[in-house]
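So the structure is just underneath, and the comments pick up after that.
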Amino acid sequence: MSIAENISRFRAELPENVHLVAVSKTKSNEEIMEAYQAGQRVFGENKIQDMVAKQEALPKDIQWHMIGHVQTNKVKYMAPFVNLIHGIDSLKLLKEVNKQALKNERRIDSLLQLHIAEEESKFGLSESEAEEALAMAAEWEHVKVIGLMGMATFTEDKAQISAEFRGLKNFFDRQQAQYPDLKILSMGMSGDYLLAIAQGSNMIRVGSKIFGPRNY
Ligand SMILES: *Cc1c(COP(=O)(O)O)cnc(C)c1O
């Protein structure tokens with residue numbers, strides 16, 4: 001299947017409320033343009049310098065999502081254009097996004113990343129840290145937390161993956177009752193997006209199922 005066919009298939013099969021982020025990390029501008037030509041406008045990158053280079057070269061109506069781990073000192077490079085930052089995992093980073101958004105006289109939408117996987121290595125906030133971040137963000141005008149993001153454990157165990165996604169959905173629902181601006185729940189990638197959607201995800205981040213395997 002071509003990239004364009006994969007985009008068309010996702011658009012046809014996804015429920016209407018589920019946003020598709022095409023994860024284009026390591027992929028060329030030509031490959032991104034093939035998805036663009038098929039109608040895709042939202043792309044996700046995990047390295048700020050790659051995203052900046054692609055943003056400069058490609059059509060300006062593309063919405064760029066930063067899905068990877070963000071170093072505080074690099075926020076400034078993407079602050080003029082980034083559409084959504086998925087991986088806010090510290091108060092320090094949240095504060096820096098607010099500062100850089102103010103400098104650029106804009107508001108930057110962001111998601112708090114929760115640690116939901118078993119693995120130690122994955123970044124993310126605990127529930128209590130996320131509650132603290134939500135309270136802080138409510139005071140800041142230029143960073144706006146519009147949802148939550150989480151990555152499940154890399155395992156074949158579907159019950160475990162579903163349970164991790166369900167836990168995040170439950171936390172999302174409780175927080176949304178207090179913070180009605182929370183609208184986005186970013187969960188699910190190529191291997192687990194169906195499980196994520198079944199547990200209430202409304203934004204999936206799909207790379208290899210669209211662009212094919214990555215060669216690092
Ligand atoms: C690479 C990446 C994805 C997409 O992974 P695939 O398995 O290729 O769909 C999704 N989310 C994050 C945070 C990633 O780094």
Side-chain angles (χ1 to χ4, degrees), residues 10 14-15 17-27 42-48 50-51 64-72 74-75 78 82-94 97 109-134 145-176 182-211 213-214 216:
F10 269 100
L14 286 182
N17 70 313
V18 178
H19 302 269
L20 174 64
V21 180
V23 175
S24 49
K25 62 189 185 198
T26 80
K27 298 297 171 180
V42 181
F43 292 89
E45 291 283 328
N46 71 337
K47 294 209 172 77
I48 291 176
D50 292 350
M51 188 172 76
W64 293 101
H65 287 202
M66 174 42 58
I67 61 167
H69 180 66
V70 176
Q71 287 171 273
T72 311
K74 291 191 180 155
V75 173
M78 64 174 169
V82 66
N83 186 260
L84 183 64
I85 301 174
H86 287 237
I88 302 286
D89 62 356
S90 71
L91 280 177
K92 187 173 157 225
L93 179 57
L94 189 66
V97 173
D109 288 340
S110 297
L111 309 179
L112 300 180
Q113 181 173 357
L114 275 282
H115 180 102
I116 60 170
E118 207 172 66
E119 296 128 6
E120 288 285 332
S121 64
K122 298 244 167 100
F123 296 103
L125 301 164
S126 67
E127 291 191 356
S128 62
E129 288 167 336
E131 284 171 3
E132 194 187 342
L134 284 165
V145 177
I146 62 163
L148 306 177
M149 183 272 227
M151 290 169 80
T153 302
F154 189 71
T155 172
E156 297 289 308
D157 185 346
K158 290 186 176 179
Q160 181 180 350
I161 295 169
S162 295
E164 290 171 358
F165 285 148
R166 187 156 54 247
L168 184 54
K169 173 64 158 73
N170 289 340
F171 180 71
F172 178 81
D173 288 343
R174 293 201 301 278
Q175 297 309 312
Q176 198 184 36
L182 295 179
K183 302 230 168 1
I184 301 291
L185 184 55
S186 169
M187 315 192 288
M189 349 206 308
S190 291
D192 58 14
Y193 70 91
L194 289 173
L195 299 175
I197 291 169
Q199 298 305 330
S201 168
N202 60 17
M203 182 172 280
I204 61 173
R205 309 174 311 272
V206 179
S208 40
K209 273 253 161 92
I210 292 173
F211 293 103
R214 284 179 295 273
Y216 285 102

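As the structure is a computational prediction, the values presented were derived from the model and not from experiment.
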CG of Asn202 to CG of Leu14, rounded to nearest 0.5 Å, is 11.5 Å

Is any side-chain heavy atom of Phe172 closer than 4.5 Å to one of Ser201?
no

Within the 4.5 Å heavy-atom criterion, are Met189 and Val23 side-chain neighbours or not?
no

Show the nearest heavy-atom pair for residues Phe43 and Ser24, with the distance to one decimal.
CB-OG, 3.8 Å

Walk me through it: do Leu134 and Leu182 pass the test side-chain contact (heavy atoms from CB on, under 4.5 Å)?
CA-CA 10 Å; Leu134 284 165; Leu182 295 179; 4.0 Å; yes

Which word best sums up how the rings of His69 and Phe123 line up, parallel for under 30°, tilted for 30 to 60°, or perpendicular for over 60°?
parallel

Would you say Leu20 and Ile204 make side-chain contact, with heavy atoms under 4.5 Å?
yes

Over all heavy atoms of both residues, which pair between Gly207 and Ser190 is shortest? Give the atoms and the distance, please.
N-OG, 3.7 Å

Can you confirm whether His86 sits close enough to Leu84 that some side-chain heavy atom of one is under 4.5 Å from a side-chain heavy atom of the other?
yes

Verify side-chain contact (heavy atoms from CB on, under 4.5 Å) between Met51 and His65, making sure each step is shown before the conclusion.
CA-CA 9 Å; Met51 188 172 76; His65 287 202; over 6 Å; no

Only one of Val97, Val82, Val70, Ile184 clears side-chain contact (heavy atoms from CB on, under 4.5 Å) with Ser110; which?
Val97

I need the Leu148 CG to Lys169 NZ distance, nearest 0.5 Å.
11.0 Å

Give the minimum heavy-atom separation between Met187 and Ala196, together with the two atoms involved.
O-CB, 3.2 Å

Rounded to the nearest 0.5 Å, what separates atom CG in Asp173 from atom CG in Leu185?
8.0 Å

Measuring only between side-chain heavy atoms, which start at C-beta, is Phe211 closer than 4.5 Å to Lys25?
no

Flag, side chain of Glu164 to backbone of Ala117, donor-acceptor distance under 3.5 Å:
no

Interatomic distance, CD1@Ile88 vs CG@Leu111, rounded to 0.5 Å, equals 8.5 Å

Which heavy-atom pair separates Glu118 from Thr153 by the least distance, and what is that distance?
N-OG1, 2.8 Å

Evaluate the side-chain proximity of Glu127 to Arg174: yes if any heavy-atom separation is below 4.5 Å, no if none is.
yes

Kindly indicate whether the side chain of Val18, heavy atoms from C-beta on, has any atom under 4.5 Å from the side chain of Tyr193.
no

Smallest separation among heavy atoms of Leu195 and Ser162, with atom names:
CD2-OG, 3.7 Å

Is there a side-chain contact between Asn83 and Val42 in this structure, where contact means two heavy atoms from C-beta onward sitting under 4.5 Å apart?
no

With side-chain contact (heavy atoms from CB on, under 4.5 Å) as the test, would you mind laying out the steps for Phe165 and Asp192 before giving the verdict?
CA-CA 10 Å; Phe165 285 148; Asp192 58 14; 3.5 Å; yes

When rounded to the nearest 0.5 angstrom, what distance separates CG in Asn17 from NZ in Lys183?
14.0 Å

Supply the atom-to-atom distance Leu125 CG to Ser90 OG, rounded to the nearest 0.5 angstrom.
7.5 Å

Within the distance-only criterion (no hydrogens, no angle test), does the side chain of Glu45 pair as donor or acceptor with the backbone N or O of Trp64 below 3.5 angstrom?
no

Can you see which heavy atom on Leu94 is nearest to which on Ala133, and at what distance?
CD2-O, 3.6 Å

I'd like to know if the side chain of Gln160 and the backbone of Thr155 have a donor-acceptor N/O pair within less than 3.5 Å.
no

